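What follows is a single structure, written as structure tokens, with notes after it.
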Amino acid sequence: MDSFWSVLFSTDFAFSVLRVTTPILFAALGALISNKAGIVNIGMEGTMLVGALTGVIVSAYTGSAWIGLLGAVMSGITLSAILAYFTLKIKTHIILGGIAINMFASGGTVFILYLVSGDKGTSTSLQSKVLPNLHIPLLQDIPLIGPILSGHNVLTYVSLLAVAGVYYMLKRTPLGLQIRSVGENPQAAQSVGISVGKIQFIALLLSGFFAALGGAFMSMGYLSLFSRDMTAGRGWIAIAAEALGGGSTIGTFLASLIFGATNAMANALQILKIPSELIATFPYVATVVGLLVYAIVESKRKKRKKGI
Amino acid sequence: MLKYFDVIRTLVSVAIALVIAFLIIAMISDQPLETISIFLLGPISTTAQIGNVVEMSIPLMFTGLSVVLLFRSGMFNLGAEGLFFISGLVAAIIAIYASMSGFIHPVAAILAGSMVGALLSVIPGIMKAKWNADVLVTSLMFNSILSGIGLYILNYHLRDAAAFSNVSFKFQETARLANLIPGTRIHTGLILVLLCIVATHYFMYHTRWGYELRMTGSNRAFAEFSGIKTARVIITVHLIAGFLAGMGGAVEVLGMYSRFQWSSLPGYGLDGALVALLAKNNPLSVVGAALFLAYIRIGADQMSIMSDVPAELVSIIQAIIILLISAEQFLKMWKNRQLLKEAEKLG
């Protein structure tokens with residue numbers, strides 16, 4: 001048991017939590033924005049995967065990691081625009097639309113990878129670039145905190161800034177207000193002149209933007225190549241994190257950290273022969289329990305209201 | 001014409017998806033015509049290939065039928081994925097450890113898998129029926145939880161160290177499903193799933209229970225108002241859907257494998273949603289939808305073996321089909337014109 005705690009309370013572990021959380025956090029913020037606008041985008045996993053592949057291909061052909069990142073983001077936005085067009089304009093069911101995005105991505109990325117590199121497994125033959133790690137002066141010299149917070153990939157810092165950005169956007173900007181009002185009551189929003197379709201379109205594009213950032217981190221930061229199905233369920237974890245976070249930005253951030261920590265724990269504890277498969281299920285169980293408690297409280301509240 | 005609007009829309013969607021697939025093949029293949037003919041005719045070129053199509057359609061029919069019930073009752077539940085996996089594992093445990101005679105053994109294993117599927121499926125069902133908890137999210141969580149538990153059982157308790165990969169011990173011969181057609185691997189699971197489909201069709205359209213299910217699906221508040229106990233309907237639907245998905249997992253494991261060897265969720269649950277969509281939530285149409293899906297997959301496999309186009313093309317076809325078929329507005333203009341024409345005829 002001593003080694004268990006020594007693994008969990010090491011700076012290495014804290015560092016890896018932030019690293020593992022990054023892609024989950026990005027996608028969870030994306031899921032949060034579209035959910036706030038009243039649309040459930042379950043295509044996060046697929047959007048991440050497409051972003052990861054596009055980043056690798058574009059950076060390999062242009063020789064620039066930053067242009068690769070731009071390509072990844074554009075691909076995510078494009079994919080979400082297609083989803084938005086189908087769901088908002090010609091009324092494809094949003095859940096089925098999300099399933100379509102995921103199906104397209106899981107096979108389509110392998111298809112494109114094969115056409116570009118001649119390999120169905122990984123992109124090792126492509127000379128793709130990696131986004132830089134940042135060593136923050138001053139901060140990195142502080143004992144304990146320095147080794148945890150400094151030296152991360154640039155996208156990890158972007159993801160933390162994005163939490164503040166999304167919080168501000170949802171709470172303090174006109175767009176945020178419109179997104180929330182469309183999500184809470186579309187008819188009411190419509191009646192005060194908000195274009196529901198337009199706001200939902202923007203929200204979906206933003207969710208694709210963030211999912212693609214998470215994907216780009218996977219292939220240009222976390223690893224330095226693309227491999228098939230490399231997101232390995234992180235898009236679904238992000239949806240869980242958003243649900244566990246109760247639909248608030250801070251909650252989503254904390255829930256993403258919890259999922260990141262259990263993932264990092266599962267990695268770290270494999271060495272100690274503690275079954276990682278079971279540890280990995282804890283946050284999902286927590287999400288189900290959280291949803292259950294929330295649902296019971298809500299339905300009691302509604303019943304009380306009816307009683308009056 | 002109007003009566004067949006849904007059928008026409010489905011066919012047009014499939015046709016558009018196939019045309020796009022042919023265009024992609026034409027762009028990347030050196031011998032496009034040959035490649036397309038392998039894709040289209042490969043699955044019916046030999047008895048063994050036809051057998052492959054039918055084998056692959058069996059699990060798709062099970063999960064498709066399960067999802068049809070859920071969608072029809074208005075439940076957006078994607079949990080068939082995890083139930084299929086865990087029930088396959090339960091059946092595998094019985095196939096490995098219990099000793100019974102030839103006929104009883106698979107029956108016991110399939111029943112155990114189905115029961116576990118039903119019991120696990122009913123949890124999100126109760127949460128939805130009683131407290132209105134979002135069934136989509138809970139069912140997705142259950143997929144991840146069941147996959148974790150299943151892999152733990154496989155890796156720590158069933159794993160055969162003598163085999164050189166992550167697979168379970170061998171099943172006892174008594175537990176395997178009997179072969180139905182020599183020269184193929186089609187097993188008795190086919191009969192079972194067809195029986196389930198006919199039974200579901202009967203219950204859905206010829207019993208009070210089926211009527212209540214359909215009413216709940218089209219408008220829960222209205223159904224409740226007209227005296228239907230919708231909570232009970234939702235719980236029952238979840239029990240049956242879980243039972244069917246679980247049976248599918250058990251049948252697939254006992255019919256196709258001699259060891260349990262899924263190292264991740266096998267994907268049949270989400271495929272079930274695609275089958276349900278193609279079948280327009282109609283139990284009998286599940287047969288055709290599952291066969292079609294199996295057909296293009298075997299065709300794509302053949303194509304990737306014998307030509308220069310990878311099999312993953314099929315997932316692009318599937319995505320286009322889903323987007324178009326479930327699009328309410330797609331071809332609506334055409335439908336409206338037809339409506340006008342008929343109205344003019346009458347007037």
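This is a predicted model, so every value here is computed, not measured. Naming: A, B, ... by sequence-line order, numbering from 1 per chain.
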Tell me which one of I42(A), I94(A), L96(A) satisfies side-chain contact (heavy atoms from CB on, under 4.5 Å) with F76(B).
L96(A)

Quick check: closest heavy atoms across M103(A) and I322(B), and the distance to 0.1 Å?
SD-CD1, 3.9 Å

Passes side chain to side chain contact (heavy atoms under 4.5 Å, CB included), I99(A) versus L274(B)? Steps please.
CA-CA 9 Å; I99(A) 294 178; L274(B) 176 53; over 6 Å; no

Tell me whether the count of non-hydrogen atoms from other residues, nucleotides or ligands lying under 6.0 Å of NZ in K229(B) goes above 12.
no

Would you find more than 12 non-hydrogen atoms of other residues, nucleotides or ligands less than 6.0 Å from K130(B) atom NZ?
no

Closest approach of S315(B) and G108(A), non-hydrogen atoms and distance?
OG-N, 3.3 Å

How far apart are the closest heavy atoms of G97(A) and L323(B), and which atoms are they?
CA-CD2, 4.0 Å

Main-chain N/O of G148(B) paired to T281(A) side chain as donor or acceptor, under 3.5 Å
no

In terms of heavy-atom proximity below 4.5 Å to chain A, should V314(B) be classed as side chain, backbone, both, or neither?
neither

Student check: side-chain heavy atoms of L136(B) and V40(A) closer than 4.5 Å
yes

Would you check, one step at a time, whether the test side chain to side chain contact (heavy atoms under 4.5 Å, CB included) holds for W131(B) with K300(A)?
CA-CA 8 Å; W131(B) 303 291; K300(A) 286 239 167 89; over 6 Å; no

Nearest 0.5 angstrom please: I153(B) CD1 to L278(A) CG, how far?
8.5 Å

Would you name the heavy atoms of A295(A) and A133(B) that are closest together and state the gap between them?
CB-CB, 3.7 Å

Take atom OH in Y294(A); do more than 12 heavy atoms of anything else shown fall under 6.0 Å from it?
no

Roughly how far, to the nearest 0.5 Å, is OG of S264(B) from CG of D229(A)?
8.5 Å

Just wondering, are more than 12 heavy atoms of other shown residues or ligands nearer than 6.0 Å to CZ in F22(B)?
yes

Cut-off 4.5 Å, heavy atoms of chain A, and the answer for L78(B) is side chain

Under 4.5 Å heavy-atom distance to chain A, tell me which part of L140(B) shows up: side chain, backbone, both or neither.
side chain

For A243(A), which atoms come within 4.5 Å of any heavy atom of chain B: side chain, backbone, both, or neither?
side chain

Report yes if the side chains of M141(B) and V285(A) come closer than 4.5 Å at any heavy-atom pair, otherwise no.
no

Heavy-atom distance under 4.5 Å to chain A: side chain of I321(B), backbone, both or neither?
neither

Should T109(A) and E312(B) count as side-chain neighbours, where that means a heavy-atom distance under 4.5 Å?
no

Under 4.5 Å heavy-atom distance to chain A, tell me which part of I320(B) shows up: side chain, backbone, both or neither.
neither

About how many Å separate CD1 of I316(B) and CZ of F104(A), when rounded to the nearest 0.5 Å?
5.5 Å

Would you say S326(B)'s side chain and T92(A)'s backbone share a donor-acceptor pair under 3.5 angstrom?
no

Rounded to the nearest 0.5 Å, the CD atom of Q318(B) sits from the OG atom of S106(A) at a distance of 8.0 Å

Under a 4.5 Å heavy-atom cut-off, does chain B meet the side chain of V297(A), its backbone, both or neither?
neither

Taking it one step at a time, do L154(B) and E277(A) satisfy side chain to side chain contact (heavy atoms under 4.5 Å, CB included)?
CA-CA 10 Å; L154(B) 172 63; E277(A) 297 91 342; over 6 Å; no

Within-4.5 Å side-chain heavy-atom neighbours: N143(B) and W236(A)
no

How close do A311(B) and K120(A) get, heavy atom to heavy atom, and via which atoms?
N-NZ, 3.9 Å

Go through the steps to decide whether I28(B) and F111(A) satisfy the test side chain to side chain contact (heavy atoms under 4.5 Å, CB included), and finish with yes or no.
CA-CA 11 Å; I28(B) 61 174; F111(A) 189 80; 3.5 Å; yes

Checking L292(A) against chain B: side chain, backbone, both or neither under 4.5 Å from a heavy atom?
both

